[in-house]
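Working notes, structure below.
Chain identifiers are assigned alphabetically (A, B, ...) following the order of the sequence lines, protein sequences preceding nucleic acid strands; residue numbering begins at 1 within each chain.
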Amino acid sequence: MFDLKLIRQDPEEFDRRNARRGQPPLADGLLKLDAERRELLTEIQAGLALRNEASKAIGLAMREGRSDEAEALKAEVTALKDRTSDLEAREAEVTAALNAQLASIPNLIHDDVPEGADEDANELVRMVGTPRAFDFAPKEHFDLGEALGAMDFEAAARLSGSRFVALRGGLARLSRALGQFMLDTHTGEFGYTETVTPVLVRSDALFGTGQLPKFEDDLFKTTNDYYLIPTAEVTLTNLHMGEIIDAERLPLRYTALSNCFRSEAGAAGRDTRGMIRQHQFDKVELVSIVAPEASEAELERMTKAAETILQRLDLPYRVMKLCSGDIGFGAQRTYDLEVWLPGQNRYREISSCSVCGDFQARRSNMRFRARGEKATQFVHTLNGSGLAIGRALIAVMENYQTETGTIRVPEALKPYMGGIEVIGEA
RNA sequence: GGAGACGUGGCUGAGUGGUCGAAAGCGCUCCCCUGCUAAGGGAGUAUACGGGCAACUGUAUCGAGGGUUCGAAUCCCUUCGUCUCCGCCA
């Protein structure tokens with residue numbers, strides 16, 4: 001969502017920055033609607049002012065018993081209303097059109113974001129860790145998991161169809177251990193507040209973070225108009241929807257382990273094998289709500305928190321800066337963390353950390369007021385995965401596999417595994 | 001699920017059709033005064049948008065949306081939320 005005042009001030013700049021997202025020039029159309037709306041508003045408000053004045057006069061006249069005068073004034077106001085009702089209808093139309101357009105424009109990306117059409121143009125920021133040298137051919141996670149009888153796609157398909165999985169025994173435990181470990185690290189070392197939120201939400205929350213109105217197809221919706229959250233970013237970011245937050249409370253940092261639900265409508269045929277892309281998965285999410293001047297540094301901090309998990313698990317990864325064509329709707333700037341998967345012999349996304357500026361804050365009306373200041377400002381929001389549990393599970397499996405097909409438990413997870421050091425058959 | 005009550009400013013709380021953006025108290029900010037000591041006095045204290053260089057001014061908002069009316073915090077409808085009782089339930 002955008003501040004029309006900014007677009008008015010510099011429409012060329014707005015179009016220039018939108019062009020980097022492949023958007024056509026929009027400022028002109030928006031400003032025409034805006035101008036029309038303001039013109040109508042001025043006229044309507046003048047009418048209302050007259051009406052208010054006359055109504056007071058009517059009240060006065062009636063109290064003093066001058067009912068003829070009151071009746072005459074009433075007739076006048078009625079006539080006035082006939083004239084303004086058309087204007088009001090037109091204004092409602094124009095405002096609705098304007099808002100609909102504004103709601104569908106993606107966030108302006110930072111100038112620092114590299115130019116490019118798709119993920120191939122993402123920029124390598126750094127590589128961390130060395131992929132392990134295997135003296136056997138490393139397997140993919142689904143081969144490992146199915147052989148151990150601990151990862152059951154067939155059973156899940158009977159229950160729920162494709163893109164679901166059932167975990168058993170050591171892998172189920174490993175999944176829980178990963179979540180615990182991540183939450184403990186983020187709360188204990190990075191100051192995030194552990195949070196449990198609903199996974200069913202109303203449309204307002206999804207509008208706030210930008211999933212609606214444009215990406216409804218990617219969401220699961222219940223018969224009574226709830227949506228299943230695609231990420232806890234939705235609930236954590238909107239925890240303060242509509243609030244004016246005291247500046248002293250910033251930054252607010254929240255983390256949650258939640259189920260995430262995605263219809264994967266646009267991903268037919270992609271990653272159909274294994275649990276890379278599921279309709280339901282677990283994820284530890286990080287959300288920061290900060291003052292504007294703090295948001296850029298917070299992105300680095302958040303990314304570091306997510307990286308710390310990979311480092312502690314001793315998983316090789318690389319940090320990518322997303323290019324203009326790959327960056328999400330609400331983000332100004334995004335780092336993806338990609339973990340090394342020896343079975344697939346490639347890096348795969350396991351975390352995405354984004355700074356959204358005031359884009360989401362405007363949509364959910366989240367402001368703050370500095371101490372002693374009269375004016376409010378919109379907060380800045382950031383979100384990142386810290387990390388996706390399913391993909392972290394895959395990464396541990398593939399990187400820690402043994403020649404016999406068992407999985408060694410990473411040191412960092414041992415305290416959470418109840419004495420299990422190697423995951424064998426379930 | 002059934003029956004009922006309620007939703008007012010940072011908080012408490014008045015206000016059932018007209019000068020109510022809203023009494024009063026608390027809190028907060030600023031100023032003044034002061035040795036009958038954790039006191040007294042005064043002023044200020046919502047948000048958004050429109051117009052204006054500005055001072056300022058207009059409009060809207062009493063959970064949200066719609067309606068009735070010349071006029072709505074007050075009446076009607078819808079919706080969301082809270083509470084109470086019953087039912088059910090992890």
Side-chain angles (χ1 to χ4, degrees), chain A residues 1-9 30-103 196-208 212-213 221-227 235 238-250 259 358 361-379:
Chain A
M1 215 59 164
F2 297 99
D3 188 359
L4 276 165
K5 277 184 203 149
L6 287 178
I7 304 176
R8 267 179 236 151
Q9 266 167 32
L30 290 169
L31 290 182
K32 273 191 183 129
L33 283 174
D34 175 48
E36 185 177 358
R37 192 183 81 92
R38 283 150 70 204
E39 219 170 280
L40 288 164
L41 226 43
T42 305
E43 219 171 318
I44 290 165
Q45 289 184 356
L48 285 171
L50 272 172
R51 185 199 76 180
N52 287 342
E53 208 180 317
S55 291
K56 279 184 189 169
I58 291 167
L60 195 70
M62 289 183 47
R63 229 168 308 124
E64 293 173 356
R66 290 172 286 141
S67 58
D68 290 357
E69 194 179 321
E71 288 307 321
L73 278 166
K74 275 192 200 182
E76 238 174 82
V77 178
T78 307
L80 181 72
K81 277 215 308 194
D82 285 345
R83 262 174 283 141
T84 51
S85 66
D86 284 353
L87 293 174
E88 282 174 346
R90 177 73 191 140
E91 189 271 335
E93 254 173 59
V94 171
T95 300
L98 188 60
N99 286 340
Q101 286 190 28
L102 284 172
V196 177
T197 67
V199 294
L200 287 170
V201 296
R202 286 203 289 250
S203 60
D204 302 23
L206 290 154
F207 180 86
L212 289 180
K221 188 178 187 179
T222 70
T223 51
N224 32 211
D225 292 335
Y226 286 111
Y227 293 87
T235 45
N238 284 301
L239 241 24
H240 295 279
M241 198 186 318
E243 277 186 44
I244 298 173
I245 303 165
D246 288 339
E248 297 94 282
R249 294 182 63 198
L250 301 179
N259 294 131
D358 65 5
R362 285 181 182 281
R363 296 171 77 99
S364 338
N365 197 23
M366 284 190 290
R367 291 166 292 169
F368 75 99
R369 195 198 318 268
R371 207 177 158 70
E373 293 284 307
K374 201 173 153 56
T376 58
Q377 290 182 68
F378 288 103
V379 295

Whom does [N] pair with, Watson-Crick or G-U wobble, provided both distances fall under 3.5 Å?
N	result
A55(B)	none
U16(B)	none
A72(B)	none
G81(B)	C6(B)
A22(B)	none
U37(B)	none
A46(B)	U61(B)

Item to check | Exam field: side chain Ser85(A) to backbone Asp82(A), donor-acceptor pair closer than 3.5 Å | outcome: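 Answer holds: yes.
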Checklist entry - Has Lys221(A) got more than 12 heavy atoms of other residues, nucleotides or ligands less than 6.0 Å from its NZ? => result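 Check passes, neighbour count above 12.
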Item to check | Exceeds 12 heavy-atom contacts within 6.0 angstrom, atom CD of Gln101(A) | outcome: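 More than 12 heavy atoms, drawn from other residues, nucleotides or ligands, come within 6.0 Å of this atom.
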About how many Å separate [atom2] of [Y] and [atom1] of [X], when rounded to the nearest 0.5 Å?
X	Y	atom1	atom2	result
Asp34(A)	Ile7(A)	CG	CD1	8.0 Å
Gln377(A)	Ile244(A)	CD	CD1	12.0 Å
Leu73(A)	Asp68(A)	CG	CG	11.0 Å

In whole Å, what separates the [atom1] atom of [N] from that of [M]?
N	M	atom1	answer
G81(B)	C70(B)	C1'	34 Å
G71(B)	C20(B)	C1'	13 Å
A46(B)	U68(B)	P	33 Å
A72(B)	G4(B)	C1'	26 Å
A5(B)	A55(B)	C1'	50 Å
G50(B)	U69(B)	P	31 Å
G52(B)	G67(B)	C1'	35 Å
G15(B)	C49(B)	P	34 Å

Any [X] side-chain heavy atom under 4.5 Å of [Y] side chain:
X	Y	value
Val94(A)	Arg90(A)	yes
Arg362(A)	Phe2(A)	no
Thr235(A)	Val201(A)	yes

Checklist outcome for this item: With B for base contact, S for sugar-phosphate-only contact and - for none (protein heavy atoms under 4.0 Å), nucleotides 46-66 of chain B reads -SSSBS------BSS------
Next on the checklist: Can you see whether Glu71(A) engages Ser67(A) through a side-chain donor-acceptor pair at a distance of less than 3.5 angstrom?
Outcome noted: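 Short answer, no.
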Next on the checklist: I need the residues from residues 69-80 of chain A with at least one non-hydrogen atom less than 4.0 Å from RNA chain B; give them sorted by number, or say none.
Outcome noted: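 Here the set is Lys74(A), Val77(A), Thr78(A).
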Next on the checklist: Which heavy atom of Gly208(A) sits nearest to which heavy atom of Asn238(A), and what is that distance?
Outcome noted: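 Closest approach of Gly208(A) to Asn238(A), heavy atoms only: CA-OD1, 4.1 Å.
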Next on the checklist: Can you measure Lys56(A) atom NZ to G18(B) atom P for me and round it to whole angstrom units?
Outcome noted: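 After rounding, the gap between these two atoms is 14 Å.
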Item to check | Test: Glu53(A) and Lys56(A) ion pair at under 4.0 Å | outcome: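 So Glu53(A) does not pair with Lys56(A) through a salt bridge.
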Kindly give the atom pairs (protein nitrogen or oxygen, nucleotide nitrogen or oxygen) under 3.5 Å for nucleotides 77-79 of chain B.
none

Checklist entry - For Lys81(A) and G71(B), is the shortest distance between a side-chain N/O and OP1 or OP2 below 4.0 Å? => result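 The answer is yes; a side-chain N or O of Lys81(A) sits under 4.0 Å from OP1 or OP2.
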